[in-house]
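One-based numbering, in listed order, for ligands and for the atoms of each. Residue numbers run from 1 in the order of the sequence given. None of the values given here were measured: they were computed from a predicted structure.
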Amino acid sequence: MTHETDFNAFVERYPVYAETSLLDRLRTTDFARLDRDGDVYLDYTGGGLYADSQIREHYRILADGVFGNPHSHNPTSLAATALVEDAREAVLTYFNADPAEYDVVFTANASGALKLVGEAYPFCPGARYLVSYDNHNSVNGIREFARRCDAEVTYIPVRNPDLRLDEDLVRRGLQLLEPGRRGLFAYPAQSNFSGVQHSLEWIAEAQERGWDVLLDSAAFVPTNRLDLSAVKPDFVPVSFYKMMGYPTGVGALLARHEALAKLERPWFAGGTITLASVGASVHHLASGHTGFEDGTVDYLGLPAVAIGLRYLSKIGIETVHARVESLASWLLDQMAELRHDNGAPLVRIFGPDLMDRRGSTIAFYLLDPSGAVFDVYRIESLAGKQHISVRTGCFCNPGDGEVAHNISADEMEGCFDDECVPVTLMDCQRLIQDATGKVPNTIRVSLGIGSNFADVWRFREFMAGFRNVEAQAIAR
Ligand SMILES: Cc1ncc(COP(=O)(O)O)c(C=O)c1O
């Protein structure tokens, strides 16, 4: 079938796509570089793409102003402070967060925001860290802070094959918190592995049971509305480069004032105190976000956050959402339809294969006519030769990967037998494959603001090129 025939069938099936034509216009202006270089970018969950106009607007601010370190009161410092506070206001406005309820702490990225919570959460003995299998490693890593303080760490498993959390198991987990004890419940609004969107209703339910809720929103907010007047998680980490491509060095922790006040910072740094003494060896931590922003924030990068968020608002995140949803739905259908001549499927999807309660991130691998798995790294490399950018590996989400590929805890432990010898992901994947025959590798494609039908069509054509091909034929 030609691109044109497929496109006509696509728009007939997804009439909402026509309502997102603004993004087609922007593809020829703000994102024209994609087509100039023939790139098919399919790693928006890895990093978003910036619009040309964002960087031009940012450039004008930098070219026209004189900005000093915001920790002073001179005119250039005050000018920088104005930029920082404008960005903070833009973040609150974008997420519809009431400033009386939420604060914004600027960090280097979402991981920096997560670490702020992990290292300062009062994980005393008797406290709990309840966490879903489906999580980025930067959320998993908080368990080390919890364990160091003898808090109990409990994982809620995801189910195979849809990689969703079982509602009953979530409720059972939430019942674990004893009255009067502290507990942190952490899960992602959208999985960076499978694209699953977990229920936001658990936030209020958990809070009613005494939990503080950390909603990892890094993979959700680039294509979905997070309205903090409708749901009120205690902690919300985000990375701005995932939302609008630029700047790459800024993230934020949106936190309820009350929740932020519960945190106990393990140190102080320049900018976080009202006063510190060497002689008296004491310090006063500043209240609110000031007490959490170590050193100097990225004051020249922050205006780009405000610019980017206003850019997204002007387009409307619902427009982006509608577009990627229809494109991902088409791609999922195509993946299900792709078959070898012997009838065997070409694609195995990990996670939901329909668009219900999922985002536009798709994890999968390709199978040959006998069911053997194509080496994902070879697929990535062959895609690269056609200027198609996909992601491979485990995407820093080992929990989903282990469940998706049926890797037991015992099998994983084989990769940690000798604690002194660091084993790489590649080594571990090889060990497991040799020992069990399972192939614990995955390919991920994800869509975003610059995506169009031609991108997913070209990727479908790329996958179709492996019809009736033996996996061995592309092995290195
Ligand atoms: C769901 C999720 N959480 C956290 C992170 C960490 O983000 P960063 O690497 O920007 O700190 C990512 C990055 O991919 C993510 O997808």
Between [X] and [Y], is any side-chain donor less than 3.5 angstrom from a side-chain acceptor?
X	Y	value
Asp43	Ser389	no
Asn397	Tyr133	no
Asp400	Ser191	yes
Ser229	Asp227	yes

- Cationic N near anionic O, under 4.0 Å, Lys438 to Glu411: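 Looking at Glu411 together with Lys438, the answer is yes, because their closest N to O distance falls below 4.0 Å.
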Tested for side-chain hydrogen bond (donor to acceptor under 3.5 Å, both in side chains) against Gln197, the lone hit among Arg164, Arg357, Gln190 is Gln190
| request: Please confirm whether Lys242 comes within less than 3.5 Å of ligand 1 when only nitrogen or oxygen atoms on both sides are compared. | output: yes
Ligand 1 and Ser111, any nitrogen or oxygen pair closer than 3.5 angstrom?
yes
Heavy-atom proximity to atom 2 (C) of ligand 1 ranks first, among Leu114, Asp216, Asn109, for Asp216
Among all the protein's non-hydrogen atoms, which is closest to [atom], and how far away is it?
atom	answer
atom 12 (C) of ligand 1	His136 CD2, 3.2 Å
atom 9 (O) of ligand 1	Tyr241 OH, 3.5 Å
atom 16 (O) of ligand 1	Asn192 CB, 3.2 Å

Within the 4.0 Å heavy-atom cut-off, what Ala218 brings close to ligand 1 is side chain
Per-atom contacts of ligand 1 with Ser239, taking only distances under 4.0 Å to non-hydrogen atoms: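 Once the distances to Ser239 are compared, the set is 7 (O), 8 (P), 10 (O), 11 (O).
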